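Take a look at the structure below.
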There are 2 protein chains.
Amino acid sequence: MDLKPYIRSIADFPKPGIMFRDITPMLKSADAMKEVIRQMAEPFRQSGVTSVLAAEARGFVFGAPLAMELGCAFVPVRKPGKLPGETQQFQYDLEYGSDTLEIHSDAITAGDRVLLVDDLLATGGTIEACLNLARQQEATVVGAAFVIELTFLKGRDRLDGIDVVSLLQYATEDADE
Amino acid sequence: MDLKPYIRSIADFPKPGIMFRDITPMLKSADAMKEVIRQMAEPFRQSGVTSVLAAEARGFVFGAPLAMELGCAFVPVRKPGKLPGETQQFQYDLEYGSDTLEIHSDAITAGDRVLLVDDLLATGGTIEACLNLARQQEATVVGAAFVIELTFLKGRDRLDGIDVVSLLQYATEDADE
C-alpha cells in the first residue's frame, strides 16, 4: 500500500516558504491508518516495548493505537498544566524562545523500555524533549517511530543511539515530492 | 472487565473543589483500552458511521482508535491556527470568556454520518461545539460516545436528539465514587 498519496502538501503554512505535509487525508482512511500503525509497530515487535510516549496533539493520534497494537502502555506528553498528578518537566529551545513538556512522574520508571512516537520528524526539538523526559526517569529508550520524516532538517541527528524509523521521507520543500 | 479501577480521582484539579477524573491509568493498560474502544464502538456498529469527530487533545486518544475500529474516517477538531487547509470555525461560551474550535472545511459533507467522541462529558461545551461544527457542514450526527460522564453536570441535556453513550458515570465530586 502506497501511503504517500494520503499526505497533502500545503504551501506557506504555518508561514511563508514552508511546505506543510498534512496528514488529515490519511486520518480519513481507516485502511491507511491500519497499515500505518502496522508499519510503525513492525520494527519494534521484538523490542520489549513497555511504553509508547507521544506528545500532544497529533502524536496522540498515532501513539494511542500503536500502544494498543504493541500491547503496552500509552504515556501522554503534555503542555504544562494539563496533567493532574505530580509531573516531571523538560524545557527545550525553539527557534525563538522555549517550550516546556511534561509527563506524570509515575508514568515511566527505570525498568521501562520506551518507544517515542510522533506524526512528523522535522528539526527534532519535540522528540528530543520526549527522549530527555524518558531518560530523566531512567527508562531505556529503544527507538522512535514517525509517519513522516523531513530528511533535509536532519532531526534524526538529535536522536543519538536509538533506532529511528519513518514511513515516508521528504528531501525537499517541493510540492511534487 | 470493570473499567472504573483504571480511573484515578485527583482532588482540587484544575482548581479547588473539583475532583478530576484522570484517565492516564487507563491509557497504561492496553487491555483496558481495547475494552474501552470495543464498548464505545458497540452501540454504533449498525449506525453507518462515516466519520468520528474528536477534539484535541484527549479526544484524539480515543477518537483515532475508535475510527479504526469502526472502519471510518477520523476527523480532528482543533484549536484555531493548527489545521493547514481551509477551515470552518465554531465559537462557544465558557464559564468566563469564549473559545473557538475548527475543522477542515472539506473534512465532512452533507452525506456523512458523524459520531462525536471525547474522553469526558462534563458541562458539554466542547462536544456541543463539535455537534454544531458537524451540523454547519450539514452532516448527520448519529451520536456521541464518552469514556466518562459527570452526570451531575447534565451535559447530556445539551446534546438533544442524538444517541449519547458513556461507559462510566460519576454522580458526585466524591473521591470514593
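Computation of the quantities below employed the complete heavy-atom set of this structure, encompassing side-chain atoms and omitting hydrogens, waters and symmetry-equivalent molecules. Lettering of chains follows the sequences in order, A, B, ..., and the numbering in each one begins at 1. Values in this document were obtained by computation on a predicted structure and should not be read as measured data.
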Look at atom [atom1] of [X] and say whether more than 12 heavy atoms of other residues, nucleotides or ligands are closer to it than 6.0 Å.
| X | atom1 | value |
| --- | --- | --- |
| A:Asp160 | CG | no |
| A:Glu138 | CD | no |
| B:Lys4 | NZ | yes |

Taking side chain as C-beta onward, heavy atoms only, is [X] less than 4.5 Å from [Y]?
| X | Y | value |
| --- | --- | --- |
| A:Thr24 | B:Leu83 | yes |
| A:Arg78 | B:Arg58 | yes |
| A:Pro76 | B:Val61 | no |

[X] and [Y]: same hydrophobic cluster, using ILVMFWY side-chain contacts below 4.5 Å?
| X | Y | value |
| --- | --- | --- |
| A:Ile7 | A:Met19 | no |
| B:Val117 | B:Leu70 | yes |
| A:Leu66 | A:Ile108 | no |
| B:Val75 | B:Phe60 | no |
| A:Val164 | A:Val147 | no |

Could you check which of [options] has the highest count of heavy-atom pairs closer than 4.5 Å to chain B?
| options | result |
| --- | --- |
| A:Ala57, A:Ala64, A:Ala32, A:Gly81 | A:Ala57 |
| A:Cys72, A:Ser29, A:Gly85 | A:Cys72 |
| A:Glu69, A:His104, A:Met33 | A:His104 |
| A:Pro84, A:Ser51, A:Ala67 | A:Pro84 |

Counting N and O atoms only, with roles assigned by atom type, does the side chain of B:Lys28 sit under 3.5 Å from a partner on the main chain of A:Ala107, one being a donor and the other an acceptor?
yes

Fill in: Contact winner vs chain A - B:Lys34, B:Glu56, B:Lys79, heavy-atom pairs under 4.5 Å
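Sorted descending by pairs with chain A, the first entry is B:Lys34.
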
Quick one: do B:Asp106 and A:Arg8 make a salt bridge, cutoff under 4.0 Å? yes

Okay, B:Phe13 and chain A: the region with an atom under 4.5 Å from a heavy atom over there is side chain

